[in-house]
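So that the names make sense, note that chain A is the first sequence line, chain B the second, and so on, each numbered from 1.
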Amino acid sequence: MEYDFKSIESKWQEYWASHKTFKVKEDASKPKYYVLDMFPYPSGAGLHVGHPLGYIASDIYSRYKRLKGFNVLHPMGYDAFGLPAEQYAIQTGQHPEVTTTTNINRYRQQLDRIGFSYDWEREVRTCDPEFYKWTQWAFLKMFDSWYDPAQDKARPISELIARFETEGYEDITPAAWKAASEKEKSDILMRYRIAYQGETSVNWCEGLGTVLANDEVKDGLSVRGGFPVEQKKMTQWQLRVSAYAGRLLDSLEKLDWTDSLKEMQRNWIGRSEGTEMVFNTICGDREMPVTIFTTRVDTIYGVTFMVLAPESDLVGQLTTPEQKEEVENYLKYVKTKTERERIAETKTVTGVFSGSYGINPVTGEKVPVWISEYVLAGYGTGAIMAVPAHDSRDYAFARKFGLPIVPIIEGCDVSEESFDAKEGKMCNSGFLNGLDVKQAIETAKDYVEAHGLGRRKTNYRLRDAIFSRQRYWGEPFPIYYKDGIPYPVDEKDLPLTLPEIDSYKPTGEAPLARAKDWTYKGYPLETSTMPGFAGSSAYYLRYMDNHNGEALVSRDADEYWRDVDLYIGGTEHATGHLIYSRFWNKFLFDLGYICEDEPFRKLINQGMIQGRSNFVYRIVGTNKFVSCGLKKDYDTTEIHVDINIVRNDKLDLEAFKAWRPEFADAEFILENGEYVCGWAVEKMSKSMFNVVNPDVICDTYGADTLRLYEMFLGPLEQSKPWDTKGIDGVNRFLKKFWRLFWDREEWIVTDEKASAEELKVLHKLIGKEQADIENFSYNTTISAFMIAVNDLTAAGCSKREILEPLVVLLSPFAPHIAEELWHRLGHEDTVTYARFPEFNAAFAAEDNVTYPVQFNGRMRFTIDMPKSAAPADVEAAVRAHEQTPKYVEGKTIVKVIVVPGRIINIVLK
RNA sequence: GCCCGAGUGGCGGAAUGGUAGACGCGAUGGACUCAAAAUCCAUUGUCCCUUAAAGACGUGCCGGUUCGAUCCCGGCCUCGGGCACCA
């Protein structure tokens, strides 16, 4: 029988679906293993071959773990709320839900063809009310909680209220609390809630009509849509992620993630240890204290001015009447700049003098207070002490405005640039003179604390997450307003479902404001919706128990599945989803809803698959096309050509003429009778005609070939271009594998006993596969498989004793063909739950080892020795070897180095 | 500017201190065939050379450690990714 992948693949896909082969439930008798993919946003373009890369890798691992006896949870779902569906709705008037459902169905079809072992009964969709009920529920819990720094965890807000009432907390005394109005109490609590409403500087995107989180903005443009983004002060719902900054940083240590990903998170969280210090300022005849933050207190003697952020509240208070006009002009100027302009112009230095002066708390010196956009309101205290000699930004500012530059490190040259390094000896610095910089930092910190001038402070760059979006296609907030005070919707009334609206067009107000009867108990509901990351922050918990109507996840299910053992996804979520999820998880952990404080134990970033575009070269002014190798002789224009009419970089001339009317009468200048196209690696995109659809590969080669090929392409974590060049190789391998069982129409598997040689081939492969799969080195496993199959083909081995284990070994990679052969071998059950063959090192061992013998590192000859031979015996054999003397010739053997089983090296003198 | 990662044949890549180039693609030659496809066999890093043997060179560049370095250390170059006025 021929290897007919089409009938085999559809047959087993149907079998798996109808037998619910991959359905799992908690089973205390088996160890659990949770393998998770980052669920996709179902876009209208469908899947291209890059998407399944990670899914295939995780599916192979899941299938491998099942063979190893684990109870594997391997679910899939859709991150279905989001901007593209809504933008499409704006253009066409079609409800985003319709678009989303259509796209999901298409995705599901494509996924099903690849033979994934998902338990589809656990599917989740973030836009499903039964799902977003729990997103809303978590928000209510966050609204109803505060972060207690003493316990370093989130606690119910009722505990804080109890403290206000009895002993008071921070600046709120029991008397003040009692005297406060309902509105005032709400405002006070907002300062503590984990989910809170507050005014902050936000990324406002006019093009999308909504605010965006920091990770949704790149280079001053929105990640979705690429519209410009500006800074604006607005009142928004926020999540107090910053309260978790320390814990998010510290527990990175125990995670099995790549160093680069951990590093990215560390940078994003941005811990910096410094000092908060108070400078008294004089504004005309008024005095007021200003707190600054610095990591370099040691440079206090080099302070020559101070700078405030333009958005800082201090600006109004520290501007003298004489400077008022100038300052206001500057603030106006800053406001008109978009974020993008700000980034583009980081080199231009701007600023204005406030008219005030600050008093250096250590030296008593009087320094001017300036205002400049290079100081950020959102970090530290929004005010700094400037030390131009030792900070490049202060230096540039001082140069521009002619402010003094005072070096305080011995021998440094600040005539051209500042000296930022933390090294050298202090000078011009009173009590710090003569100290090394590192010592001076500590000494100065102690000094400041001892003299009551300030205190040590750790700051984080990580900001609170802005949680509201002025959009339609997202989770509604379970919040309503009474007398301007926000109140939570009753938990029993969840889900609060998204209302219908008649038009999705942006009008400047939030779309939900146009919904009819958008009220709760007669009061208006919040009209913002939640951002994309809301639904994706706890979806992995929901998979554990997705039909539960009573809880996000039941205690039993959570205690069984606990956390994700292996998470595979792209690195683009490093600072978004992976921070929010960890935060969300820690919050639920604090309140005791779940039992693990980190969600993803091991994480692998699969590389991107880029497109490989092809080009033709048209001679300028003609309709003549010249082959790539000859193009240097002509003046040509490079034109993208559809990769579907190119094979191995050779253009199909007839197909090209038919491709576009303007090419119908094209002429060609060939080399060696063929038209060779140029190529380049680019992002996979429609406009470059380089998109490869997995369905096409499934049609021509089959899903098993696609799976093998994507893994054979190279290391999982590496980005690589898609190139079908090598796909015939893995396809050939599958055909060869098939032919071990079939000779044309005849089934040739025998029950003959396997030889030692054949057992060795099998056990070497088992050992290799076991080791490589654990390291996700799938490409080398496949290589080992090819070698084994070649060896067996050459030996004419079709023995059940060898082939049956081989089928099991292949099943994670190419499940369809494995299932078919498993069935043909007479098994009633599925290969999915077969046992991974036991590795026997004795079979795999080499009897004799061939040692290469080197003199001073150069290979000279080889000798065969039993593997068990002691190094001394090997050495004796080498010295006795007939070839040795001729190489030694007048030199003496200094020593013989024997690396057991590997190599022998003779050192000569 | 700062922080990570990577540089190996015509191509994708293998080997993390021990015979560099596994495995696959492509290419060349051959077998089978009327022919094609499919399949199988052989060769395939570079140089010297009619060929073989033998040799020399060879993992971005320069240096170091080692009997021995693609691998470890120091410096540089190139490419990719992340962050970017974070005081």
> List RNA chain B stems (3 or more consecutive Watson-Crick/G-U pairs, under 3.5 Å)?
Replying inline: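 Detected stem regions: B:1-7 with B:77-83, B:10-12 with B:23-25, B:26-31 with B:39-44, B:45-47 with B:55-57, B:60-64 with B:72-76.
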Distance check: side-chain N/O of [X] vs OP1/OP2 of [N], anything under 4.0 Å?
| X | N | result |
| --- | --- | --- |
| A:S392 | B:G1 | no |
| A:R732 | B:C25 | yes |
| A:R739 | B:C40 | yes |

[atom1] gap between [N] and [M], integer Å:
| N | M | atom1 | value |
| --- | --- | --- | --- |
| B:U50 | B:G45 | C1' | 22 Å |
| B:U8 | B:U78 | C1' | 15 Å |
| B:C79 | B:C71 | P | 22 Å |
| B:A22 | B:G9 | P | 13 Å |

For the pair made of [atom1] in [X] and [atom2] in [N], what is the distance, rounded to whole Å?
| X | N | atom1 | atom2 | answer |
| --- | --- | --- | --- | --- |
| A:N779 | B:C23 | CG | P | 14 Å |
| A:F813 | B:C23 | CZ | P | 18 Å |
| A:D391 | B:C2 | CG | P | 14 Å |
| A:Y3 | B:U39 | OH | P | 13 Å |
| A:N790 | B:A22 | CG | C1' | 13 Å |
| A:E769 | B:C23 | CD | P | 18 Å |
| A:D723 | B:G13 | CG | P | 10 Å |

Any idea which of [options] is nearest the [X] side chain?
| X | options | result |
| --- | --- | --- |
| A:T295 | B:A87, B:G13, B:C83 | B:A87 |
| A:R461 | B:C40, B:C83, B:A14 | B:C83 |
| A:S783 | B:G26, B:C3, B:A22 | B:A22 |
| A:Q718 | B:G24, B:G13, B:A15 | B:G13 |
| A:M786 | B:G13, B:A87, B:G24 | B:G24 |

>> Would A:R582 and A:W257 count as a cation-pi pair here, with the cationic atom under 6.0 angstrom from the ring centre and within 45° of the axis?
In response: yes
>> Using the ring centroid of each side chain, check whether A:W370 and A:Y330 are separated by less than 6.0 Å.
In response: no
>> I want to know whether A:F305 and A:F397 have ring centres closer than 6.0 Å.
In response: yes
> Do the side chain of A:K457 and the main chain of A:E276 share a donor and acceptor less than 3.5 angstrom apart?
Replying inline: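 Between the backbone of A:E276 and the side chain of A:K457 there is no qualifying donor-acceptor contact (under 3.5 Å).
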>> Do the side chains of A:R456 and A:E442 get close enough for a salt bridge, i.e. N-O under 4.0 angstrom?
In response: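 Yes, this pair counts.
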> With respect to A:L308, which candidate in A:V375, A:I384, A:V315 satisfies the side chain to side chain contact (heavy atoms under 4.5 Å, CB included) definition?
Replying inline: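 One option only clears the test, and that one is A:V315.
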